[in-house]
**Q** 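Before I ask anything, let me first share the structure, which is written out below as structure tokens.
Since the structure is predicted, the reported quantities are computational estimates derived from the model, not experimental observations. Quick note on labels: first sequence line is chain A, next is B, and so on, each numbered from 1. The analysis underlying the following values was restricted to heavy atoms, covering all of them including side chains, and did not include hydrogens, waters or symmetry mates.
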Amino acid sequence: MIKVLFFAKLREALGQSELRWPLAAEARVEDIRQALVAKYPQWQEALCAPNVLMALNQEVVNAQALVRPGDELAFYPPVTGG
Amino acid sequence: MIKVLFFAKLREALGQSELRWPLAAEARVEDIRQALVAKYPQWQEALCAPNVLMALNQEVVNAQALVRPGDELAFYPPVTGG
Amino acid sequence: MGATLKVQVGAADFDAGEEIRRVQALTDSIGGVASFIGAMRSSNEGRKVDAMILEHYPGMTEKALGKIVDEAARRWQLLGATVVHRVGEFVPGDQIVLVVTAASHRGEAFAACEFIMDYLKTRAPFWKKERTSEGDFWVDARDSDEQAADRW
Amino acid sequence: MGATLKVQVGAADFDAGEEIRRVQALTDSIGGVASFIGAMRSSNEGRKVDAMILEHYPGMTEKALGKIVDEAARRWQLLGATVVHRVGEFVPGDQIVLVVTAASHRGEAFAACEFIMDYLKTRAPFWKKERTSEGDFWVDARDSDEQAADRW
């Protein structure tokens, strides 16, 4: 099991801020994104947009990073703080 | 008559902070410096040092600027504020 | 000597003068303290903004800011630094972010302060949503912010 | 809109927080306020300094600072700026100079603040004399300050 988080515009587009996702063995971030889209096809456009960023255990990663059971994975749009 | 001012290290080297200098017609800053040195030869080294700066009526000028009766002329070393 | 670094994220407003004083008091080796306050403006790109909501990623925000400040302290040998970033709802004129940096000389303090702001703008997980008379809109990331961060 | 610019030279200490607040309060078009405080350090180029005397050219100082601030306001479209420069005798830790600049965006506020400091260091008639256990010494102008001013 992993925790998956969505923020800001992406959170609103998906209508969801957090979910638990079954994960028995390690997988790439991109594999998990594709599995999410397979289950929720209406997420395709927002979740696979080229500007979507990813953080694994609160560190920025790219789509090839390895996710392990127990990890926290986040998807979010470009940041606009400050 | 003009007012001549000296500041900081230059003031200490000349042993003087201010003097009145007779000026009947306009003259260049350099002419006044040479006249001062003619009267006070011991000022030569400090007053003619290449890093000495000049201000005429509180505006930075070069040695060719024209001084008129009633003006305020200042000589001082490179500034070190801030 | 290690630098004293502080990062704070929360809804509470800050007192810039007080935060600056704390940094100044760290050591009398400090020759320069630079600071920056970001505030909410009453208009953005030509449209009037009534309010703003700032969302963040709790936990990651503090880590990301901590890393940025550590990096600045290392690069410019800071003697002290403080970052306070607010979250929640804002109206025009409200303070949003404060960065204070202290170093022996002004060049280091200025560079570190600007670096922290540029990195924070492009690397810390905050998102702004503007409330206008025509509805609520998420603020788009600016290319100019990305370019500013790429300088360093 | 014209910028509100303030220049103050005197012996009195300043409250940076208060000066920043005054600039912030000018208009809610302000998106960024940059500031810098220069302080007296306990050592300079390796030698311990017990006290410092700051001499200036009354009258010209205010004019020179006014011109520098006007130039900064024009170049970076400032919404407000304040410069306070103290004179007299100082001990380590004492505040010497404060520069505050406000603009719509942070880049302009930072650039103007650094420009004012760089110009002030090389163009305003102030002179520092350091008091050490080996006697009093006039501080020499630094080439690095001249180079910093030449950037702009």
**Q** What residue among C:Asp136, C:Val91, C:Val49 forms side-chain contact (heavy atoms from CB on, under 4.5 Å) with C:Arg131?
**A** C:Asp136
**Q** Would you say A:Gln58 and A:Glu72 are linked by a side-chain donor-acceptor pair, where the criterion is simply a distance under 3.5 Å?
**A** yes
**Q** Checking C:Arg75 side chain against C:Ala72 main chain: does a donor-acceptor pair fall under 3.5 Å?
**A** no
**Q** With only heavy atoms counted, which part of C:Lys129 is less than 4.5 Å from chain A, the side chain, the backbone, both or neither?
**A** side chain
**Q** Given heavy-atom pairs under 4.5 angstrom as the criterion, report whether the side chain, backbone, both or neither of C:Asp140 touches chain A.
**A** both
**Q** When heavy-atom pairs shorter than 4.5 Å are enumerated against chain A, which of C:Ala64, C:Ala141, C:Gly38 gives the highest number?
**A** C:Ala141
**Q** Could you have a look at C:Lys67, C:Arg86, C:Met117 and say which one has the most heavy-atom pairs with chain A under 4.5 angstrom?
**A** C:Lys67
**Q** So which part of A:Asn57 gets closer than 4.5 Å to some heavy atom of chain C, the side chain, the backbone, both or neither?
**A** backbone
**Q** When heavy-atom pairs shorter than 4.5 Å are enumerated against chain C, which of A:Pro77, A:Ala55, A:Ala8 gives the highest number?
**A** A:Ala8
**Q** Between A:Glu12 and C:Trp138, does any side-chain donor sit less than 3.5 Å from a side-chain acceptor?
**A** yes
**Q** Sort A:Leu53 into side chain, backbone, both or neither according to what part of it lies under 4.5 angstrom from a heavy atom of chain C.
**A** neither
**Q** Please determine if C:Arg123 forms a cation-pi arrangement with C:Tyr119, meaning its NZ or CZ atom is less than 6.0 Å from the six-membered ring centre and no more than 45° off the ring axis.
**A** yes
**Q** Before we go on, tell me: are the rings of A:Phe6 and A:Trp43 under 6.0 Å apart, centre to centre?
**A** yes
**Q** So which part of C:Lys63 gets closer than 4.5 Å to some heavy atom of chain A, the side chain, the backbone, both or neither?
**A** side chain
